[in-house]
Every structure is written in C-alpha cells, then in structure tokens.
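Data first, discussion second: the structure below is written as structure tokens.
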Amino acid sequence: MPELPEVETIRRSLVDKVKGRRIQGVEILLPRLIKWPSAYEFQALVTGKTILQLDRKGKYLILRLEDNMTLVIHLRMTGRLYFVTNDDKTDRFTHIIFDLGDGAKLLYADTRTLGTLYAMPESELWRIAGLASMGPEPLTQEFSHAYFRGLLAGRKGRIKALLLNQKLIGGLGNIYVDEALAIAGIDPDRLACSLNDEEAALLYEAVNQVIYDGIHHGGTSFRDYRDGEGKSGSHQNYLAVYGRKGQPCRRCGAPIERKEVAGRGTHYCPNCQR
DNA sequence: CCGTCCTCCTGGCCGC
DNA sequence: TGCGGCCAGGAGGACG
C-alpha cells in the first residue's frame with residue numbers, strides 16, 4: 001500500500017527517466033481507471049505532450065506536461081508504475097501503457113484496479129478534491145508542531161483516525177500511522193483531544209521520523225509495493241508493529257496485538273502503548 | 001461540521 | 001484438493 005514514502009521513492013526512481021520524454025501514445029486497457037475526463041479525452045490531452053517534471057503531493061503523483069497539462073495518478077492500494085525499455089514486463093495487470101518513444105514505456109499496473117488517473121490543465125486541478133483539500137505533509141515547514149497541536153485540540157475522534165485523515169495531514173496511511181503511534185507509545189484508540197503536551201510532542205516527532213525513515217529505506221515492501229524500476233524497499237525490516245502480530249515488541253518483548261480501530265486493522269504493543 | 005459506515009476491487013489465505 | 005468466505009485499506013459518498 002503506497003503511502004508518502006513509497007510514492008516519493010517511486011517519484012525519485014522515475015523522474016530522471018521520464019523527464020524530457022514525449023508521450024507518443026497511450027493504450028488504455030481498463031478505461032474505468034480514468035476518472036477525469038473520459039478515457040478518450042484523457043488520451044487526446046496527454047498524447048504528443050512532453051513530460052517536463054514529475055512531482056508528488058501526499059500520495060498523488062503529478063506529471064507536469066507541456067502546455068500546462070497535468071497527468072495525475074493515485075496508486076491507491078496496489079497500483080504500480082514502471083519504466084521499461086522492452087515489452088517483456090507487461091502482464092495481465094498492466095492496464096495503461098504510455099509509449100515514451102525509442103522502445104521506452106511507462107506502465108500502470110494494478111492488481112485490484114482501485115487506482116485512479118486524471119488529465120487536466122494545471123488550472124483545473126481543483127477538480128481532484130483529495131488533492132485540492134490535502135493537509136500539510138510531514139517534514140515540511142507547514143506541518144509545524146503548533147499546527148499539529150491545533151489539530152488535537154477539541155477533537156473527539158480517535159487519534160488514529162486523525163492521523164489517517166488526508167485533509168489534516170497529507171501522506172500517512174495505515175502502516176506509518178501504526179508505526180508513529182508505536183514509537184510515541186500511544187494507544188491508537190485514544191481520543192485525539194486526550195493527548196497531553198508531552199504525548200503530542202512525542203507523536204509529532206514520531207510522525208516525522210517514520211516518514212523520514214520510510215523514504216530513507218526506499219519504502220515498505222509489505223505486499224505489492226515496488227519502485228519505478230521494480231525494486232523492493234527495505235523499511236519492512238525496521239517496522240515496530242505493523243504486520244508483526246504475535247511477534248515480540250522490540251522494546252519490551254510483549255507480543256504485538258492486532259485490533260480494529262477507526263475501521264482499520266491496527267497493530268500495537270499493549271504494554272508500551274497507553 | 002463531524003464521525004461512522006459502506007463501497008469499490010481481487011489475490012491470497014484460512015478452514016472445512 | 002477444492003472451494004466458499006473473508007481480509008487487505010485509500011478515499012469518496014451516504015447518512016445521522
């Protein structure tokens with residue numbers, strides 16, 4: 001499940017490969033993945049355009065094309081983006097093929113087909129609500145300690161739900177939220193407004209730390225995630241709690257447990273997190 | 001406005 | 001061994 005560190009790793013692995021290349025054609029094998037405009041219009045808008053830059057905002061990848069056109073991709077659960085220079089790597093999960101010329105292709109593959117693609121002029125990006133309403137990302141100036149404290153004040157929902165809310169903080173998903181809460185020693189079931197100053201400070205630091213470490217390790221390859229060259233990340237080897245049900249807590253040795261919080265499978269140490 | 005629940009989707013895993 | 005059932009979870013929409 002690509003979260004901010006995984007999407008950033010994909011961006012870094014692709015940017016130099018696609019920059020300056022012209023999209024010669026687009027083959028759309030699964031049209032329903034195109035959310036705006038129609039698949040036919042999408043094809044017309046991006047074909048013939050040169051890729052000027054590859055940006056990321058939260059979990060969205062944004063290809064900046066010439067003439068202020070943008071191609072936006074959200075990988076959701078199992079989306080993958082590969083750069084290839086031969087045809088060998090297409091399989092039945094390859095749904096959209098961007099021909100970049102000279103045998104080079106950018107492949108969009110997705111086993112569960114929940115991913116979404118959009119094409120529109122930069123001035124119309126407001127159409128993508130999740131992009132337009134995204135909150136500040138960890139490791140940015142905008143995501144200040146004061147901002148984070150402000151989020152917690154008076155909020156009755158669970159802290160896990162708050163961290164997952166992209167309108168409040170951009171880029172966190174289930175893995176990194178569980179990890180941040182584990183590092184900060186906070187029970188995911190706690191109400192956001194119940195955190196004291198010390199806990200809030202610990203959690204703020206933990207959120208930044210897990211995102212930093214995740215990027216540093218090239219992402220977490222727990223199931224499907226690979227970077228733009230098909231390489232796995234290594235952060236799965238450093239996880240504190242996610243996917244470690246029954247295994248000993250790295251801090252106290254107690255078995256990691258799993259429960260449902262905010263409708264999500266949640267891993268935590270019952271001893272360290274309170 | 002806010003929180004909760006449902007929906008989408010399919011490979012993989014579990015139990016019978 | 002086969003197969004039904006369920007789980008994984010990001011995000012948008014319905015609903016109270």
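Throughout, a chain's letter reflects where its sequence line sits, starting with A, and its residues are numbered from 1. Just so we're clear, the structure is a prediction, and the values are computed from it rather than from any experiment.
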Starting the side chain at C-beta, find the nucleotide from [options] nearest to [X].
X	options	result
H74(A)	dG10(C), dG3(B), dG9(C)	dG10(C)
R112(A)	dG10(C), dT10(B), dA11(C)	dT10(B)
N174(A)	dG9(C), dA11(C), dG3(B)	dG9(C)
Y60(A)	dG12(C), dG9(C), dG11(B)	dG12(C)

Length of the [atom1]-[atom2] vector between [X] and [N], whole Å:
X	N	atom1	atom2	result
F93(A)	dT10(B)	CZ	P	9 Å
K57(A)	dA11(C)	NZ	P	13 Å
L75(A)	dG9(C)	CG	P	16 Å
R127(A)	dA11(C)	CZ	P	21 Å
L162(A)	dG3(B)	CG	P	8 Å
R158(A)	dC5(B)	CZ	C1'	14 Å
M1(A)	dA11(C)	CE	P	13 Å
L114(A)	dG9(C)	CG	P	13 Å

Is the phosphate of [N], meaning OP1 or OP2, less than 4.0 Å from a side-chain N or O of [X]?
X	N	value
K35(A)	dA11(C)	no
Q166(A)	dG10(C)	no
Y176(A)	dG10(C)	no

Inset, instruction - Between R32(A) and K156(A), name the one whose nearest nucleotide on DNA chain B is closer to the 5' end. - result: K156(A)
Inset, instruction - Answer yes if the ring centres of H235(A) and Y242(A) are under 6.0 angstrom apart, and no otherwise. - result: no
Inset, instruction - Step through it carefully: locate the ring centre of F42(A), locate the ring centre of Y118(A), and say whether they are under 6.0 Å apart. - result: no
Legend entry - E257(A) and H267(A), any side-chain heavy atoms less than 4.5 Å apart: no
Legend entry - pair R21(A)-T50(A): side-chain heavy atoms closer than 4.5 Å: no
Inset, instruction - Have a look at L164(A) and say if it touches a base, only the backbone sugar-phosphate, or nothing, with a 4.0 Å heavy-atom cut-off. - result: sugar-phosphate
Inset, instruction - Check every strand shown and say whether M77(A) touches a base, only sugar-phosphate, or nothing at a heavy-atom separation below 4.0 Å. - result: base
Inset, instruction - Tell me which of G265(A) and I128(A) sits closer to the 5' end of DNA chain C, going by the nucleotide each one is nearest to. - result: G265(A)
Legend entry - Under 3.5 Å donor-acceptor pair, R264(A) side-chain atoms to dG10(C) base atoms: yes
Inset, instruction - Look at R190(A) together with E199(A) and state whether they make a salt bridge at an N to O cut-off of under 4.0 Å. - result: yes
